[in-house]
Amino acid sequence: MKRFSAILTILLAVSLSLFAGGSSESSAASEPKVPVNPTGFPIVNEPLTMTVFGIRDANQANWDEVFVLQKYEEMTGIHMDYQEVPDQGKEENKNLLFASNDLPDIFLRPVFTQNELTRYGIESGQLMPLNDLIDQYMPNFKALMEADPGIKQAITSADGNIYALPQIDVSNTGKIDFKQWINKDWLEALGLEMPTNIDELVEVLRAFKTQDPNGNGKADEIPLGFREIGSIFQTLGSAYGLHYMFAQPVNIEDGQVHFWLQDEAFKEYLMLLNQLYEEGLLWSDFYKRDLPAWRSNLANALFGVFYMPYSDVFVNVEDQMTVLLPVEGPAGGPYDGEVFWASSKTGVETTAFAFALSNTCSNPEAACRWVDYFYSPEGSLFFRYGIEGETFYFDENGYPQMNEDIANDERGFMTALGEICLVPGGNLPCLITSQTEGLVASNLTKEVAAAMLPYTDEALVPPSFTPEENEEVLMISQDLNTYRDQAASRFIVGEWSFDMWDEYCSTLDQIGLPRLEEIYQQAYDRTLAN
């Protein structure tokens, strides 16, 4: 632990009152509250049980069997009654839970969206405001907000309250979502140069398809791979000037928010993808979200160019891969010479919030002290790696590494890791630093991220909506996103001719795209423009 360098120095002393600050009037009054120690461990000296609802990733063990959570119960003195549900059907489970109003004390990895925070925080009041609790009981998280005011801006709802806490990633790798990878072994086998624009990229993809770069005598190479239809909106479209602000298909120019789904540039991009599909250069199942097939193709090095945040799924063949820097648009076109990468992140995960309290939480002070440790460098190390000597060790450079029996488990690393911690699946209430990102970010992933970072946009957090705006955004976005994805897929695979473009644009208008843009502009002007 001595070699683990802290990135933050907490220059504040918090004096805690056992019963004051942040507790809800609806907290359980029939039982005396267990006093909370102001600092250190244990958090409580008397038995305390709290109920926890969360979404369990497929790679995670049952939460009451997870090593880190078991050890943390011993450290804190708090027993958590975990009532997690599987990822499949999570939205229905959340909806039923709030409809019944039979709420747990704590939401851990609830993957709450901003819209859900508005609905269950501002509108129904079923989530507890955390502002005062953070100020009094969460010195680590408070220090992060003071060091980076953008964190508070990102998580504050339109009514001024904070209803949930995010995962915070201050590593370079975490500042880019999808990275652009290319199979360098295939380039070398065919004597090809690294492509620098769209035209050169297409020629490389054609060579990958026809010249057997993996040398196995089979036509099994897949030149270009997207994991799902959603990833097309924040990756290769960069070459056509298509940015991805607020985690939306949005450009911002001179303070104007613009959804580009009807733009000629997007049409040209879809026409390129259609061309690639027709030539057999694009993975034919990109729109099916067939994750097992996707992972199998990655693990068997069958993709030539592809998009992934990390290399954990193809770590067994990552030595064949390298970074493909953002490419320019078509030669002679309006985006010739413009190079940037749209898939950037703020490091504050606001698309899937990680921790919240219900308005009936029996001991908010204890719950906040429980989670705050994970926002410290030491707590991040524990939460992600476990205990030195038992689950991990420090290498010669001072970086933590999982023990060999975990790293090389025959069931797969993520399955083994899911018995140690909750990291598989992500969206956790913790800090990720350059020290602790290595659990899923290999050295190669770090190198790829560092190479692409200079090309990224300045990421912007989504603006906060009022309840009225939120209701409209929800209503429009649900239908619009479904139609957008279906339409893009049909254009790409050729089910729709581009003669239908005007009809497509008209349908977006009817669904409410102009009004959605107007709402985003209002919220942007109110909360982010200055």
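Computed from a predicted model, the values in this text were never measured in an experiment.
- Side-chain contact, Ser380 with Glu378: no donor N or O sits under 3.5 Å from an acceptor N or O.
- Listed for the Ser358 side chain is a donor-acceptor partner under 3.5 Å among the backbone atoms of Pro104.
- Contact check for Leu422 versus Leu69: side-chain heavy atoms found under the 4.5 Å cut-off.
- Minimum heavy-atom separation, Asp409 to Ala416: CB-CB, 3.5 Å.
- Judged purely by atom type and a 3.5 angstrom limit, Gln60 uses its side chain to pair as donor or acceptor with the backbone of Pro424.
- Going from atom CD1 of Ile151 over to atom CD1 of Ile168 covers 4.0 Å, rounded to the nearest 0.5 Å.
- Ring-plane geometry between Phe383 and Phe374 is classed as parallel, the angle between the planes falling under 30 degrees on a 0 to 90 degree scale with a further cut at 60.
- Applying the ring pair (Phe, Tyr, Trp, His ring centres under 6.0 Å) rule to Tyr240 yields the partners Tyr269; only residues at least two apart in sequence or on another chain are considered.
- With hydrogens and angles ignored, the 3.5 Å screen pairs a side-chain donor or acceptor of Lys94 with a backbone N or O of Pro110.
- Here salt bridge (Lys or Arg N to Asp or Glu O under 4.0 Å) pairs that include residues 71-87, with residues two or more places apart or in two chains, are Arg56-Glu84, Asp87-Lys90.
- With hydrogens and angles ignored, the 3.5 Å screen pairs no side-chain donor or acceptor of Thr436 with any backbone N or O of Ile432.
- Between Asn214 and Asn216, the closest heavy-atom pair is OD1-OD1, 2.8 Å.
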Let me see the working for Trp283 and Phe306 under ring-ring contact (aromatic ring centres under 6.0 Å, His included), right down to the final yes or no. CA-CA 10 Å; Trp283 185 43; Phe306 57 95; over 10 Å; no
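- Of the possible polar contacts, none joining the Thr76 side chain to the Ile43 backbone as a donor-acceptor pair under 3.5 Å is found.
- Residues passing the ring pair (Phe, Tyr, Trp, His ring centres under 6.0 Å) test with Tyr163, sequence neighbours excluded: none.
- Within the 3.5 Å criterion, the main-chain N or O of Leu302 finds no donor-acceptor partner in the side chain of Asn297.
- Annotation for Lys142 and Ile134: closest pair CB-O, 4.1 Å, computed over non-hydrogen atoms.
- In terms of the ring pair (Phe, Tyr, Trp, His ring centres under 6.0 Å) criterion, Tyr335 has no residue partners (sequence neighbours excluded).
- Two residues are said to be in side-chain contact when any heavy atoms from C-beta on lie closer than 4.5 Å; Asp485 and Phe233 meet this criterion.
- The aromatic rings of Phe107 and Phe53 stand perpendicular to each other, their planes meeting at an angle above 60°, with 30° marking the opposite boundary.
- Every residue meeting the side-chain contact (heavy atoms from CB on, under 4.5 Å) condition with Glu203, not counting sequence neighbours, appears here in chain and number order: Arg206.
- Gln234 places no side-chain N or O within donor-acceptor distance of the main-chain N or O of Ala342, the cut-off being under 3.5 Å.
- Nearest heavy atom pair, residue Leu133 against residue Met128, reads CD1-SD, 3.9 Å.
- Remark: Lys446 is positioned above the aromatic ring of Tyr399, its terminal NZ or CZ atom under 6.0 angstrom from the ring centre and at most 45 degrees off the axis.
- Side chains of Tyr72 and Met80 form no contact here, defined as non-hydrogen atoms less than 4.5 Å apart.
- With ring centers used as reference points, Phe303 lies under 6.0 Å from Trp294.
- A search for side-chain hydrogen bond (donor to acceptor under 3.5 Å, both in side chains) contacts involving Thr51 returns Asp105, not counting sequence neighbours.
- We find the CD1-CG distance between Ile182 and Leu325 to be 10.5 Å, quoted to the nearest 0.5 Å.
- The closest side-chain heavy-atom distance from Leu127 to Phe112 is below 4.5 Å.
- Side chain of Gln320 to main chain of Lys184: no donor-acceptor pair is present (N/O by atom type, distance under 3.5 Å, no hydrogens or angles).
- With contacts defined as side-chain heavy-atom distances shorter than 4.5 Å, the pair Leu276/Pro223 does not qualify.
- Applying the salt bridge (Lys or Arg N to Asp or Glu O under 4.0 Å) test to pairs two or more places apart or on separate chains, those with a residue in residues 212-234 are Glu228-Arg289.
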For this session: Give the C-alpha distance, both sets of side-chain angles, the deciding distance and a yes or no for side chain to side chain contact (heavy atoms under 4.5 Å, CB included) between Asp169 and Lys345.
Result: CA-CA 9 Å; Asp169 190 341; Lys345 302 176 71 175; over 6 Å; no
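- Residues meeting the side-chain contact (heavy atoms from CB on, under 4.5 Å) test with Tyr307, sequence neighbours left out: Phe178, Gln180, Leu224, Phe226, Thr235, Leu236, Val305, Trp341.
- Ring planes of Phe41 and Tyr373: perpendicular class, angle over 60° (limits at 30 and 60°).
- With sequence neighbours excluded, the residues that form a side-chain hydrogen bond (donor to acceptor under 3.5 Å, both in side chains) with Glu318 are Ser311, Ser442.
- Evaluation of the side-chain contact (heavy atoms from CB on, under 4.5 Å) rule for Asn131 yields Pro129, Asn161, Ile162 as partners, not counting sequence neighbours.
- The list of ring-ring contact (aromatic ring centres under 6.0 Å, His included) pairs with a residue in residues 201-225, not counting sequence neighbours, reads Trp186-Phe208.
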*Might you work through the side chain to side chain contact (heavy atoms under 4.5 Å, CB included) test for Glu91 and Glu116, ending with a clear yes or no?*
CA-CA 10 Å; Glu91 301 304 329; Glu116 287 174 322; 3.2 Å; yes
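- A side-chain donor-acceptor contact under 3.5 Å links Glu200 to the backbone of Thr196.
- The side-chain heavy atoms of Val323 and Lys179, taken from C-beta on, include no pair separated by under 4.5 Å.
- Within the 4.5 Å cutoff, no side-chain heavy atoms of Val315 are placed close to those of Asp312.
- Residues forming a ring pair (Phe, Tyr, Trp, His ring centres under 6.0 Å) with Tyr244 (at least two apart in sequence, or on another chain): none.
- No donor-acceptor pair under 3.5 Å is formed between the side chain of Arg109 and the backbone N or O of Leu428.
- Counting heavy atoms from C-beta on, the side chains of Val440 and Arg384 come closer than 4.5 Å.
- Around OH of Tyr455, the count of heavy atoms belonging to other residues, nucleotides or ligands within 6.0 Å does not exceed 12.
- Atom CG in Leu165 sits 11.0 Å away from atom CG in Leu108 (nearest 0.5 Å).
- Atom CD in Glu447 sits 10.0 Å away from atom OG1 in Thr173 (nearest 0.5 Å).
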